> 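Following this message is one structure expressed as structure tokens.
One-based numbering, in listed order, for ligands and for the atoms of each. Keep in mind that this is a model prediction, so the values were computed, not measured.
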Amino acid sequence: MGFKKDFFWGGATAANQYEGGWQEGGKGVSIIDVERGGSHGVERRIDDEVLEGVLYPSHEATDFYHHYKEDIALFAQMGFKTFRLSIAWTRIFPNGDEEEPNEEGLAFYDRVFDELHKYGIQPLVTIHHYEMPLNLVKKYGSWRNRKLVDFAVRFGKTVMERYKDKVKYWLTFNEINALLTHYRPWHQGGLVFEEGENQEQTKLQAMHHQLLASAMTVKAGHEINPDFQIGCMLIYPLRYAATCSPDDQVITREKMIPVYYCGDVHVRGRYTNTCRSLWKKWGCRPKMEPGDERLLEQGKVDFISFSYYQSNIEGATDMERVDGNLVWGGKNPYLKSTDWGWQIDPVGLRVSLNNLYDRYQVPLYVVENGMGAIDQVKEDGTIDDDYRIDYLKEHIRAMRDAVDIDGVDLMGYTTWGCIDLVSAGTGEMRKRYGFIYVDRDDEGKGTMKRSRKKSFYWYKNVIKTNGEEL
Ligand code: BGP
């Protein structure tokens, strides 16, 4: 019993927060390249263009672009079976609307995948992770515009064709449903709402375009290489009813509707009653063209991957609200929180796995989980991140229960930010998730030197024992 023999242990990152090299190899300007602020109470803001003399955290991030060999060697030392990374759209199509891809960008990921295979590490590739050419926002209004479907499918097909013998596992859109649940739709959809705009209508339309692009990419991928395993990626902000009042159950269920909206289309290939109930609630629905339903039907995913960080409570009465991964939710008196107020709930991961498996009956993959914390480097250079070990240990234990006791089909586990990188939510460096420390701070200072934290050695043993020794 326990985890499968070929369970994918590893770590997860994304180009927009990790890669840096923002102007290298013909890369175009991405939506993340004009976003700044966030740390130490400085408001997060989006500029129209890159301004001189301003620190944009993504520009260098933690510089995977120049450190990939060193970083992959460290992942290999931990025994990673897989490594989740995303491909920057702006490296392949710098403006998004070109006919031909940028060869230098494609060659970069060839080198990265070759390096991973050198150590027997399977890449797990997210095609869209909070990153897109800024040009597509300015010229076309981003995902509001149906043209984005063609551009995105061209990008997806290009990378799947190019890496068909190097990458088998793919995810289309990171946390796709965050566009519906999310209070900051810039990351997931490159959207800034205009005054008076019907935001709900725009979100549903942009979402329809992304779901179409996803389905068409899945279909193309299966034609390019029938061995491909292509999944979706959902944000899973678990919620419990605050009390046993029936009203609280109804409200809690309703809160989860945007979460299942995308899972339903990805897995069932159509808009379900759950989706339609959101249209009713919002009083609008996406415009569709003839043939769209067929396209959704043809692009069903092979598995569901998701991120899980915390749970919250919901109910009819007022309650204290706390922060979480892109959500606000009720504070649960039974749970402790991280320094950023995200409630720590390992059992909730088991609940989430069961919820998703009961509903969809397709293999699941936990591709993000972890604890953002401030790490202290001691005088001798060591970093004792026992809090991170405790967090991950309890979550792995809960996953094991879901597998062993509940019979959930689980493919793998990639912890978020296995090496320190820039926070998506706050733009901070001091909010660290890694097993590997990177010497870089919120002011953009530091040598980028990598060092192993205590959790590095702990995770190495977890992988070695296939999750038996925690
Ligand atoms: C998810 C994103 C990641 C990542 C993570 C942690 O929403 O997919 O990109 O950043 O959350 O969030 P944060 O960086 O805000 O701590």
Side-chain angles (χ1 to χ4, degrees), residues 11-19 30-32 35-40 44 57-58 61-62 64 83-89 124-132 171-190 210 231-238 258-259 262 304-312 322-329 337-344 349 352 365-375 387-388 391-392 395 413-434 438 440 442:
T13 60
N16 76 100
Q17 291 157 260
Y18 178 35
E19 217 171 67
S30 163
I31 57 169
I32 192 70
E35 187 166 19
R36 60 173 157 130
S39 56
H40 300 100
R44 205 87 197 272
S58 72
T62 44
F64 178 62
F83 171 58
R84 177 178 174 223
L85 72 163
S86 70
I87 295 181
W89 193 345
L124 169 62
V125 172
T126 320
I127 301 175
H128 299 271
H129 193 131
Y130 293 171
E131 193 274 342
M132 63 187 287
L171 309 175
T172 53
F173 286 82
N174 182 63
E175 295 185 335
I176 187 166
N177 48 335
L179 190 58
L180 302 179
T181 54
H182 193 176
Y183 48 75
R184 214 187 289 128
W186 179 248
H187 290 143
Q188 172 48 27
Q210 292 195 348
C232 59
M233 199 297 200
L234 306 177
I235 186 170
Y236 200 82
L238 176 68
V259 175
C262 301
I304 292 181
S305 77
F306 68 102
S307 62
Y308 175 83
Y309 291 91
Q310 89 291 319
S311 69
N312 292 95
V322 290
D323 214 352
N325 182 24
L326 309 175
V327 290
W328 271 110
S337 301
T338 69
D339 291 341
W340 274 262
W342 299 17
Q343 299 183 120
I344 303 171
L349 178 53
S352 304
Y365 202 149
V366 179
V367 295
E368 282 188 35
N369 173 238
M371 182 187 191
I374 295 171
D375 293 326
Y387 36 89
R388 182 167 295 113
Y391 177 102
L392 296 172
H395 284 78
Y413 178 67
T414 58
T415 66
W416 175 250
C418 49
I419 177 164
D420 291 346
L421 38 67
V422 178
S423 158
T426 66
E428 291 166 305
M429 260 318 303
R430 68 187 188 123
K431 187 181 189 189
R432 296 172 183 272
Y433 285 86
V438 179
R440 173 87 173 169
D442 285 336

> Can you tell me which residues line ligand 1 if we count any heavy atom under 4.0 angstrom from one of its atoms, in chain and number order?
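Heavy-atom contacts below 4.0 Å: Gln17, His129, Tyr130, Asn174, Glu175, Tyr309, Asn325, Leu326, Trp342, Glu368, Trp416, Ser423, Ala424, Gly425, Lys431, Tyr433.
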> So, Gln310 versus Trp340: side-chain donor-acceptor pair below 3.5 Å or not?
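Judged by distance alone, the side chains do not pair up.
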> With heavy-atom distances below 4.5 Å as the criterion, would you say the side chains of Asn177 and Tyr236 are in contact?
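Contact flag for Asn177/Tyr236 side chains = no.
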> Would you indicate whether the side-chain heavy atoms of Arg84 and Leu171 approach each other to under 4.5 Å?
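When only atoms from C-beta onward are counted, Arg84 and Leu171 do touch, with a gap below 4.5 Å.
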> Any salt bridge between Asp375 and Arg432, counting N to O under 4.0 Å?
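Judged by the 4.0 Å cut-off on N to carboxylate O distance, Asp375 and Arg432 do not form a salt bridge.
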> Quick one: pull up CD in Glu368 and CE in Met233 and give me the separation to the nearest 0.5 Å.
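Glu368 CD to Met233 CE: 4.0 Å, rounded to 0.5 Å.
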> Could you list the residues that satisfy side-chain hydrogen bond (donor to acceptor under 3.5 Å, both in side chains) with Thr415, not counting sequence neighbours?
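Scan of Thr415 (side-chain hydrogen bond (donor to acceptor under 3.5 Å, both in side chains), adjacent residues dropped) gives none.
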